[in-house]
Every structure is written in C-alpha cells, then in structure tokens.
Amino acid sequence: MAKQMNNRRIVEILREIALYLRAQDVAFKPQAYEVAAEGIAGMETELSTLYKAYGKKCLDDIPGVGASIAETIEELVTTGNTRAYQVLKKKYPFDMLAFSRIPEVGPKTALLLYKKLHVKTLRDLERAGSAHKIENVPGLGHKSEQKILRGIAFLKSSGERRIIHDVLPFAQHMVENLRRVEGVTHVDLAGSLRRRKETIGDIDLIATTRKPKELIRAFKSLPEVVRVLKAGPQKLAVRFSLGLGGDLLVLDPNAYGTGLVHFTGSREHNILLRELAQKKHLKLSEHGLFRGKTRLAIRTEEQLYRALGLQWIPPELRVGGDEIGLARQKKIPALIPYGSLQGDLQVQTDWTDGTASIEDMARAAKALGLSYMGVTDHTKALTMTGGLDERRLIQQGKEIDRVNKKLRGLRVLKSTECDILKDGSLDLHDTALKTLDLVCVSIHSHFALPKREMTERIIRALKHPLVNIFLHPTGRVVGRREPYQVEMDRVIRAAREYGVVLEINGSERLDLHEEYIRQCVDAGTKLVINSDAHDPRHFSHLDHGIAQARKGWARKADVLNTRPLKAFMVALKKNRV
DNA sequence: GCCGTTTTCGGCCCGACTGTTTTCAGTCG
C-alpha cells in the first residue's frame with residue numbers, strides 16, 4: 001500500500017474531478033462523480049480497510065459507484081493517486097476545490113480565474129482581487145470582484161461546518177421569533193438541520209405568510225442576521241452571526257408539502273424523486289407536482305410521496321441512497337420517535353468530572369420527564385477526573401440511596417463508567433461491580449493500539465459476565481477525534497453474542513455513527529441512547545442521540561431505554577446470556 | 001459514468017436570483 005488514503009481524501013478527489021468536468025461542460029459525468037463522493041462521505045468505515053479485507057467487491061454496495069469509479073477508487077487506495085485526477089491537475093494546476101468553496105464561485109468561474117490571471121491558490125486570488133485584476137476579466141466586473149474578496153474573507157473567518165449541537169438551538173430561536181411575526185402561518189427548519197446531519201454548513205428556514213413584506217423585513221432585522229446577500233420575493237440569502245450562511249424561503253401555502261420536501265433535501269434524494277416523477281410523466285419542483293400545466297392537489301409531504309408510489313420517508317433517511325427503493329417496497333420502518341426515552345444511562349456528577357451533585361442531576365433529569373437515570377462516574381484509572389476506586393464507589397452508592405429515598409418519580413441507578421484497561425480487563429474489582437444496578441464500560445486510554453489488538457481488548461471486556469453496556473464504542477468526537485482502529489463488525493457481533501448493549505452517545509461524540517447503528521439493527525444488537533451529561537443542561541443531548549438512531553434506521557424496540565424501568569432492567573438482564 | 005417496475009442502451013432534475021449582459025450564463029439549493 002502506498003500513501004495512506006482515507007475516505008475524506010477520496011471524497012475530495014472525486015469532488016474535485018467532478019468540478020473539473022463541470023468547468024469543461026462535460027455532460028452527466030460530473031453528477032456521477034458527485035453521487036459517488038456523497039455515498040462515500042456518508043461512510044464511517046475507511047475504504048482502505050474494507051478494501052484490504054474484502055477486495056474490490058466492497059465497493060459494489062456503494063450507491064453511485066460503478067465499474068469505472070470503482071477502478072478509480074482501487075487505484076487511489078492501492079497507489080495513493082489516480083490517473084484521471086493527475087491528468088486534470090497537470091492541465092489545470094490550481095486549487096479548484098478551494099476556489100469553488102468561495103460563495104458564488106463555481107467551477108466555471110474558478111477555471112476562468114485561473115486561465116486569465118494564472119492564480120493557483122486562494123492567496124494568489126486574493127492578491128489579484130486587491131490589485132483590482134479580477135474586475136477586468138471578461139464576464140466579471142467590479143461587483144464580482146467585491147463578492148469574491150468578501151467570500152474569501154468569509155471562508156477565512158468561518159472555518160466551514162459547525163456541529164449541530166451549536167446550530168440547532170440558534171436556528172430554533174430564530175424560528176420562534178419569526179413565528180410571532182404578523183401574518184405568518186408557518187415557519188420551519190429545512191435543509192441539513194431538518195435531516196439532522198451531524199455537522200451543518202448552512203441554515204435553511206421556510207415559511208408561509210399572508211404578509212410577505214412583513215416577514216422579509218422581520219427576517220432582515222433579526223439580530224442573528226448580519227448581512228443580506230440576495231433578496232428576491234421568495235428567496236433571501238443571508239449570513240448569520242454564528243458564522244454560517246443560510247436562506248429564508250417563502251412558499252405558496254398550497255404547495256407547502258412539495259416545498260418542504262424540496263428544501264429539506266438532500267440534493268441527491270430530490271434528484272431521485274424528480275426522476276421518479278418524470279417516469280410517471282409528472283414534473284416535480286418546489287412549486288408542486290404537475291401533470292402538464294395542472295398542479296395536482298398535494299398539500300403535505302405524505303401526499304407527495306404517496307403520489308409517487310412511495311411510503312413517506314422521514315427527513316433523517318433522505319440521503320439519496322437506498323431509501324427510495326425501500327419506500328417503494330413499503331419497507332421504511334417506524335423510526336424511534338423523538339421524546340420517547342424514559343431513562344438516561346450515562347450521567348456524570350461532581351463525584352468526578354461533572355459540575356452538579358447527584359441530586360441536582362436527578363432533578364434535572366426528572367424535569368425533562370425521565371423516570372430513571374444511571375450515575376456513571378469515571379473510575380480510578382482516569383486519574384485526571386478523580387476517578388472512583390472501590391471504596392468511593394460504595395460510598396457513592398449510599399448517597400444514591402439517600403437521594404432515592406428523598407426523590408419521587410425518578411429512580412437513580414447505581415452504575416459506573418468503568419475503564420477498560422489496555423489488556424481488556426476492568427478497572428474495578430467484581431466485588432464492587434456486584435453492588436451496582438448495572439455496569440457500563442468504555443475506553444479512555446491506549447487509543448492507538450493496532451486494530452486487531454484493540455478489537456480483542458474490547459471483546460474481552462464484553463465477555464465479562466457483569467458488563468451490561470459499552471459506552472461510546474468507537475471513541476470518536478465529531479470534528480475533533482477520529483475513531484480508534486477497531487473491527488466494528490466483530491464488536492457488533494460479539495455484543496449480540498454476549499448480550500451487551502451498545503450506546504448511542506448524544507453528546508458531541510455522536511458515537512455510534514449511523515452506519516454502525518444500522519448494522520446493529522440488522523444484526524439484532526440492542527442499543528441505548530444516552531446524554532453523557534456532565535451538567536444539568538446536557539440532557540438536551542438525548543435529542544441528538546435519537547436523531548442519530550433515526551439516521552441509523554433504529555426503531556423503538558431496538559433501543560432499550562425507551563422502556564419503563566422495570567422492563568428496561570428485565571431486558572438488560574435477559575439480554576445477558 | 002451510472003443505472004433498470006417500460007431499459008444492458010438510451011436516457012440522465014428544476015427553478016430563483018444575480019451580474020454582466022443586450023438575451024443569457026453561472027451559481028445555488
């Protein structure tokens with residue numbers, strides 16, 4: 001194997017090839033490269049490892065990857081480069097990917113800038129703009145130059161996508177304010193926020209109103225809106241104070257369903273829907289579903305999907321993969337509903353690195369409608385958090401007894417986030433673990449073990465007869481830490497075999513990734529969704545955990561903490577063989 | 001370059017907005 005080729009780099013190369021092809025007006029191929037790139041972008045498993053294990057046939061199941069792109073990927077994985085890309089790069093040696101990230105600059109403009117100004121990097125381009133060279137390029141002008149310079153400044157300051165945990169509350173606050181504007185009948189989130197992608201690149205809001213001018217004025221004057229980029233009667237593009245851009249789309253109330261689908265996306269999902277409509281001799285756009293010039297009476301999303309012969313598809317599944325085929329066969333399951341959790345099995349307190357007492361955390365959990373909560377403070381191997389040893393753990397049990405006596409309506413469970421040591425043994429003695437209601441385990445050290453060794457280490461821990469739940473199973477933190485190297489298919493099978501439940505962690509870890517959740521669902525490996533709260537405010541993470549589960553096609557029955565305490569404990573013990 | 005509930009060949013999504021243009025191309029979602 002040559003240079004390490006990770007999925008991120010493969011996706012970049014496929015996207016850049018697509019841009020070069022678009023710039024040269026090549027028909028249809030760019031779309032093919034983009035679809036393949038999106039398919040790979042949604043995977044958590046590295047193609048290079050899949051390829052090592054299964055060879056080229058591991059590429060068969062990726063939507064949009066056919067014979068030719070499969071060869072390209074094989075070339076990338078084995079040699080670290082590909083002929084198709086090298087040829088393009090040699091002909092046009094400039095940073096196409098970076099230029100195209102500038103708002104309002106696409107592949108054609110990017111290529112034009114390179115050809116006329118011989119600029120290769122963003123820095124070159126910025127210099128050319130400052131020297132007023134861009135405005136003299138035929139087809140561009142002063143306004144374009146200003147826009148490009150502003151765009152580059154924006155790129156420098158914003159740093160691309162943000163985690164949904166930061167963006168969702170920000171966007172919901174705007175939605176609430178806009179709903180109060182006179183004449184407004186609907187305001188909703190659309191785009192990647194509604195699909196609950198783990199990172200968000202822009203914020204899309206959609207609305208209907210009897211008084212469009214009032215709504216547009218109110219939107220422009222929101223404190224969150226710092227700059228208006230475009231302002232038509234139906235569409236406004238702005239930049240928000242969070243450092244992201246976004247749109248407000250004002251829809252015809254008679255076409256709210258089709259508008260909602262259109263602006264929810266994904267782009268790839270929409271293309272598949274419109275192709276399907278076309279095959280039925282219909283035309284689909286944000287304005288409705290049309291037969292000839294007549295608009296069919298479609299008011300809701302459900303009606304639209306039905307008219308296309310499909311089950312309604314929840315936004316979280318609209319990725320442009322296999323969801324449309326399964327919807328045609330009526331095989332979209334009832335996903336786990338938001339708000340359906342009855343307990344939270346991972347909560348830290350001020351006994352270690354949490355900010356609040358057991359009692360305060362319990363009251364916060366109860367206020368959110370939960371009826372049980374597991375206290376999972378760290379164990380002694382994690383010295384920097386003041387992890388508990390056996391003696392302190394038993395002391396903590398007494399405090400939990402005290403809180404349980406005092407508190408009605410919520411049961412605090414004695415638990416632990418027990419460290420899995422390097423060799424797969426546990427950080428606490430069985431005698432202490434036996435005093436607990438349930439035992440959770442996780443990894444916080446030796447992240448860099450070779451894959452085989454890491455897998456054996458984890459499986460040894462799962463085999464331990466007292467272990468119930470494996471927390472944040474891959475160690476990832478969105479945007480900050482890559483997952484450790486581990487054979488997840490083996491872990492998922494072992495969890496099922498030994499009756500251990502895998503956690504979906506709703507904090508900024510979002511661990512498990514949805515790809516593995518779907519594998520768990522298929523394998524019959526049970527799941528729980530936890531907040532990993534270190535503070536009373538963190539129970540809101542549960543919602544992100546549910547979104548994650550939904551993206552992984554999980555149903556209520558797959559997630560054990562949707563059950564009342566008694567049934568949960570029965571399922572947890574029965575799950576153990 | 002991909003794909004199949006009319007297809008292994010012949011198709012391949014739709015409209016709003018802007019800028020630099022005298023009628024349209026490029027970008028975006």
Side-chain angles (χ1 to χ4, degrees), chain A residues 14 17-19 21-23 25-39 59-60 62-73 84 99-113 134-148 151 190-195 201-206 228-237 245-252 255 258-259 261-290 308-310 320 324-325 327-329:
Chain A
L14 294 177
I17 292 174
L19 288 168
L21 296 174
R22 277 200 193 285
D25 257 330
V26 176
F28 308 117
K29 288 189 192 184
Q31 172 93 6
Y33 279 96
E34 282 161 9
V35 170
E38 287 321 298
L59 306 173
D60 289 352
I62 305 171
V65 176
S68 171
I69 293 182
E71 246 171 59
T72 302
I73 293 172
F99 283 23
S100 300
R101 269 200 284 265
I102 303 169
E104 310 293 320
V105 174
K108 298 235 167 93
T109 309
L111 185 59
L112 180 70
L113 288 165
I134 294 176
E135 63 183 20
N136 294 324
V137 174
L140 303 177
H142 182 65
K143 282 189 170 176
S144 299
E145 181 170 277
Q146 291 307 305
K147 207 155 64 177
I148 289 169
S192 52
L193 266 177
R194 182 163 181 248
R195 302 199 310 278
D202 50 26
I203 300 172
D204 294 322
L205 306 173
I206 61 174
V228 179
L229 305 172
K230 282 184 195 174
Q234 299 168 44
K235 204 177 216 176
L236 281 95
D247 298 309
L248 174 70
L249 305 139
V250 184
L251 303 180
D252 175 353
T258 48
V261 168
H262 180 85
F263 291 112
T264 296
S266 68
R267 197 179 120 84
E268 289 72 23
H269 180 87
N270 286 349
I271 289 173
L272 293 174
L273 287 183
R274 289 194 286 259
E275 284 176 355
L276 198 56
Q278 213 178 30
K279 283 181 190 142
K280 293 180 183 295
H281 306 291
L282 302 168
K283 189 186 66 167
L284 175 61
S285 78
E286 65 264 46
H287 303 300
L289 184 63
F290 297 86
L308 296 175
L310 303 174
I324 294 198
R328 187 186 294 133
Q329 301 166 43

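Rounding to whole angstrom units, NZ of residue Lys280(A) and P of dT6(B) are separated by 8 Å. Summarising the geometry, the separation between CG on Asn136(A) and C1' on dT20(B) is reported as 14 Å, rounded to the nearest angstrom. The CZ atom of Arg267(A) sits 11 Å away from the P atom of dC28(B) (whole-angstrom rounding). With rounding to whole Å, Leu276(A) atom CG is found 19 Å from dG11(B) atom P. When the P atom of dT20(B) is taken as reference, atom CD1 of Ile134(A) falls 12 Å away, rounded to whole Å. To the nearest angstrom, P of dC28(B) lies 10 Å from CD1 of Ile102(A).
Considering only heavy atoms from C-beta on, Gln31(A) comes within 4.5 Å of Arg22(A) through its side chain. Phe263(A) places none of its side-chain heavy atoms less than 4.5 Å from the side chain of Asp204(A).
Within the 4.0 angstrom heavy-atom criterion, no nucleotide atom of any strand lies near Pro30(A). Within 4.0 Å (heavy atoms only), Ile271(A) reaches at least one base atom of the nucleic acid. Using a 4.0 Å heavy-atom cutoff across all strands shown, Val105(A) reaches sugar-phosphate atoms only and no base atom. Using a 4.0 Å heavy-atom criterion, one finds that Leu140(A) contacts the sugar-phosphate atoms exclusively. In this structure, His269(A) reaches neither bases nor backbone, as no heavy-atom distance under 4.0 Å exists between it and the strands shown. Using a 4.0 Å heavy-atom criterion, one finds that Ala36(A) contacts no nucleic acid atom at all. Residue Asn270(A) is classed as having no contact, given no heavy-atom separation below 4.0 Å to the nucleic acid.
The P atoms of dC28(B) and dT23(B) are separated by 25 Å, rounded to the nearest whole Å. A distance of about 23 Å separates the C1' atoms of dC12(B) and dA16(B), rounded to the whole Å. Nucleotides dC17(B) and dT21(B) are separated by 22 Å at their P atoms, to the nearest Å. A distance of about 9 Å separates the C1' atoms of dT8(B) and dC3(B), rounded to the whole Å. The same atom, P, is picked in dT20(B) and in dG26(B); the two are 14 Å apart, to the nearest Å. Atom C1' of dG11(B) sits at a distance of 22 Å from the matching atom of dG15(B), rounded to the whole Å. Nucleotides dC2(B) and dC13(B) place their C1' atoms 16 Å apart, quoted to the nearest Å. The same atom, C1', is picked in dT6(B) and in dG1(B); the two are 23 Å apart, to the nearest Å.
With centres under 5.5 Å and a plane angle under 30° as the test, the ring of Phe28(A) is not stacked against the base of dC2(B).
For Gln31(A), taking side-chain heavy atoms from C-beta onward, the closest of the listed nucleotides dG29(B), dG1(B), dC13(B) is dC13(B). Among dG29(B), dC2(B), dG26(B), the nucleotide with an atom closest to any side-chain atom of His262(A) is dG29(B). In this structure, the nucleotide among dT7(B), dC13(B), dG29(B) sitting nearest to the side chain of Asp204(A) is dG29(B). Here the side chain of Ser68(A) is nearest to one of dG26(B), dG1(B), dG29(B), namely dG1(B). Of the listed nucleotides (dT27(B), dC14(B), dG29(B)), dC14(B) has the atom at the smallest distance from the side chain of Arg274(A). Taking the side chain of Thr109(A) as heavy atoms from C-beta on, and the options dG26(B), dC2(B), dG29(B), the nearest nucleotide is dG26(B). Candidate nucleotides dG29(B), dC2(B), dG26(B) were compared by shortest atom distance to the side chain of Asp202(A), and dG29(B) ranks first.
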Produce the list of close N/O pairs, under 3.5 Å, pairing protein atoms with atoms of nucleotides 15-18 of chain B; give distances to one decimal.
residue: dG15(B); atom: OP1; partner: Lys283(A); partner atom: NZ; Å: 2.7
residue: dG15(B); atom: O3'; partner: His287(A); partner atom: NE2; Å: 3.2
residue: dA16(B); atom: OP1; partner: His287(A); partner atom: NE2; Å: 3.3
residue: dC17(B); atom: OP1; partner: Pro233(A); partner atom: N; Å: 3.3
residue: dC17(B); atom: OP1; partner: Gln234(A); partner atom: N; Å: 3.0
residue: dC17(B); atom: OP1; partner: Lys235(A); partner atom: N; Å: 3.4
residue: dT18(B); atom: OP1; partner: Ala231(A); partner atom: N; Å: 3.0

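Position along DNA chain B of the nearest nucleotide to Ser144(A) versus Arg328(A) favours Arg328(A) as the more 5'-ward residue.
Shown here, dT8(B) forms no base pair; nothing in the strands shown gives a Watson-Crick or G-U wobble contact with both key distances under 3.5 Å.
With sequence neighbours excluded, the residues that form a ring pair (Phe, Tyr, Trp, His ring centres under 6.0 Å) with Phe99(A) are Phe94(A).
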